[in-house]
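Before any comments, here is the structure.
The sequence lines fix the lettering, A, B, ..., with proteins before strands; numbering per chain opens at 1. Both backbone and side-chain heavy atoms feed into the values below; hydrogens, waters and symmetry mates do not. Treat the numbers as computed from the prediction; the structure is a model and nothing was measured.
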Amino acid sequence: MLIRMAHGSGGKETSTLIQQIFAKHFHNPILNEMEDAAVLSVKGKIAFTTDSFVVTPLFFRGGDIGRLAICGTVNDLLMQGAIPKYLTAAFIIEEGMPLKDLEKIAVSMSEAAKEAGVMIVAGDTKVIEGNGGIYINTSGIGEIDDNLIMSAKNCSVGDIVILSGTLGDHHACILSHRMGIENTISSDATPLNEPVLALIKAGIKVKAMRDVTRGGLGTVLNEMAEASHKKITLDEQSLPVGEEVRGLCDILGLDPLYMGNEGKFIAVIEQSDKEKALKLFHTTEIGKRAAIIGEVSEGEGVTLVTTLGGSRHIDVLYGEGLPRIC
Amino acid sequence: MSKMQQILTYLKNYDSKPVKLMEVCGTHTSAIAKSGIRSLLSPKIQLCSGPGCPVCVTPKAYIDKLCEYAEAPDTVVATFGDMIRVPGSQLSLAEVKARGGKIEIFYSPFEMIQKAIDHKEITYIIAAVGFETTTPLYALMIDQLIERGITNIKFLTALKGMIPILEVLCTSEHTLDGFIAPGHVSAIIGSDAYSLLASHFHKPFAVAGFSPEEVILSIYDLIKQIECDKHEVHNLYPEVVKPLGNLKAQRLIEKYFKTAHTHWRGIGEVEGSGLYLRAEYKNFDADSQLSISEEKVPLDCKCQEVIRGRIQSSECKLFGTSCTPEHPVGPCMISGEGACGIWFREGGKAC
Amino acid sequence: MCLAIVGHIQSIQGSKAKVNYNGNILQAELGIVEAKEGDYILIHAGCAIEVLTKAKALELEDLFKELQEAFNE
């Protein structure tokens with residue numbers, strides 16, 4: 001059975017769809033009320049963010065658009081030091097989408113939400129003409145401890161940068177699907193609760209965190225350097241990159257520094273806590289390939305010390321990172 | 001100290017007469033930037049980029065023709081990724097795509113063969129751009145198209161040869177002391193192809209691979225040749241480059257293509273430097289022999305000086321001001337291997 | 001201009017090879033080389049353009065030796 005325009009009409013088909021797919025898999029006491037808005041209790045300062053997801057293909061090794069939709073917003077909250085609590089999920093579905101695919105996505109979102117400890121408390125569904133595609137928006141709220149201030153402005157000279165794991169897995173996974181190149185690269189879409197909350201709980205002096213999504217590490221570090229008015233120097237040899245991902249990059253002429261992830265982040269941490277922090281990362285499943293990749297100093301921009309010992313300026317990503325011959 | 005360390009130390013401390021070396025190939029420019037090689041060299045060793053970036057030397061009229069095809073009925077333009085952002089006289093392929101033009105990007109042009117079989121009502125125009133590394137691919141494709149009776153693929157060619165353009169540079173650019181020769185072009189044409197240039201113009205050539213170490217070794221080799229007053233062709237990529245090259249590939253190119261003069265953006269017409277389909281294979285040609293009238297160079301754009309190795313990108317007035325990757329003026333800023341684009345992204349720092 | 005990688009031929013079907021490059025399996029046309037299973041080939045845009053004469057790893061050592069001889073060092 002396929003999604004039809006009637007499923008978005010607001011009438012009987014819409015409510016049946018909501019009951020049979022979304023309410024069934026997202027159920028929680030707040031959503032079950034099915035009011036026009038969710039009424040929430042939150043403690044103290046909150047972080048609030050939104051993100052939209054338009055990836056194709058919809059399903060790929062390691063995840064799908066639904067998993068991305070949960071992890072993306074959850075991770076943005078975590079990067080602010082917030083404990084993610086509540087999400088909304090809005091769907092724009094193109095007619096022709098198989099209902100069973102929609103259900104697969106909903107199940108995936110439900111599982112990711114459980115992993116992240118969040119409830120999906122409100123949602124919306126629209127249906128438009130098209131070819132069976134789907135676009136998802138999620139917004140999220142998280143609670144921040146009053147004493148916690150996570151900001152790039154706090155980065156100081158001598159701070160170190162830890163990267164939680166291998167670069168470019170998600171981007172490489174999607175590209176492999178699109179280009180028909182066989183490998184075992186899996187998207188790394190995952191909620192980052194475990195390492196982030198471990199760092200906070202252990203009282204590690206974390207100045208700022210950013211997840212490494214579109215635009216890759218190169219772009220994220222430039223944003224960090226600019227916001228902190230400091231220079232970040234990276235060590236090429238220490239950058240963790242999976243062998244198959246590096247291989248794919250060589251084949252397509254891409255640079256892992258500019259490939260996106262969906263389950264990796266950088267943390268700028270005070271020098272004195274670097275060993276303790278790295279050890280903590282290594283005790284988590286997600287962070288087992290974490291590495292100290294660089295240091296903060298006076299100056300501006302991002303510089304990479306190459307394996308040959310040379311010096312290379314790293315800018316933000318320009319363009320789309322399309323495969324090239326030359 | 002390891003051998004590589006010794007060589008790096010030597011290059012860092014080099015203090016004899018200043019030397020200017022050209023890395024001809026855009027892939028070498030990219031490799032040099034990625035490994036930060038310029039920062040490891042003495043200020044007396046200057047590396048400059050050459051015209052070996054096929055996208056950078058493709059005339060605007062070619063892009064215009066592709067844009068036209070992309071908006072023609074029952075026609076799809078298929079291209080490598082790095083062509084799509086290069087502007088013609090008005091638009092780039094990316095802009096034409098945004099307004100509904102039919103453009104597909106491939107990793108390999110061979111992907112289009114099955115598409116042509118599956119969609120017999122569509123004519124696929126392959127943007128066949130490249131040097132000798134890529135030309136044999138198109139020749140092999142034509143072999144396969146003929147064998148399988150496929151008639152709905154045509155090639156809009158902008159194929160160029162290395163040796164004629166190197167001859168132009170050797171003749172006109174007296175400040176160039178040596179050449180890092182392109183490793184993969186050389187796999188096709190052979191390392192012997194540079195011998196006449198080396199002996200006639202007294203310039204050393206080092207055929208190099210693309211790893212940081214191989215590029216460093218080629219720079220070292222050229223410096224040493226210059227010191228010893230040698231002007232030889234040294235093949236430093238022997239596992240891939242043979243003296244006579246890939247004869248099978250050369251025969252295939254010869255079968256389908258003939259040489260002719262062709263237009264290099266920023267340089268002008270160069271005798272015998274282009275390859276066009278022979279008359280008997282015209283049915284695979286998408287009208288490639290364009291008449292290029294004098295191309296208007298944007299005011300103050302110095303791409304033509306950059307690709308001849310006369311100036312560094314940062315010496316162009318527009319560089320980093322009105323010409324940036326976000327709003328490029330000249331082709332050298334747009335292409336992934338254009339000297340100006342690479343220079344900009346690497347912070348515009350000279351060695 | 002010449003982005004290419006060295007892959008290891010796993011199997012050949014007609015004029016095409018299945019090639020392994022660091023765990024990535026891709027297809028390569030063999031029409032302009034003479035190659036057999038187990039060979040290392042240089043692949044540019046989905047086409048083999050040369051068969052390697054020896055393993056890449058040895059190459060740098062040989063180059064050092066050649067340079068030494070060329071310049072009597």
C/K18 atom NZ, over 12 foreign heavy atoms within 6.0 Å
no
Tell me the closest heavy-atom pair linking A/E244 and C/N24, and the distance in Å.
O-ND2, 2.9 Å
Counting a contact as any heavy-atom pair under 4.5 Å apart, which residues of residues 25-39 of chain C contact chain A?
C/I25, C/L26
Counting only heavy atoms not in C/Q13 (residues, nucleotides, ligands), do more than 12 fall under 6.0 Å from its CD?
yes
Is the number of heavy atoms from other residues, nucleotides or ligands within 6.0 Å of CD (C/Q10) greater than 12?
yes
How would you list all residue pairs meeting salt bridge (charged side-chain N to carboxylate O under 4.0 Å, His left out) that involve residues 248-259 of chain A, not counting sequence neighbours?
A/D255-A/R312
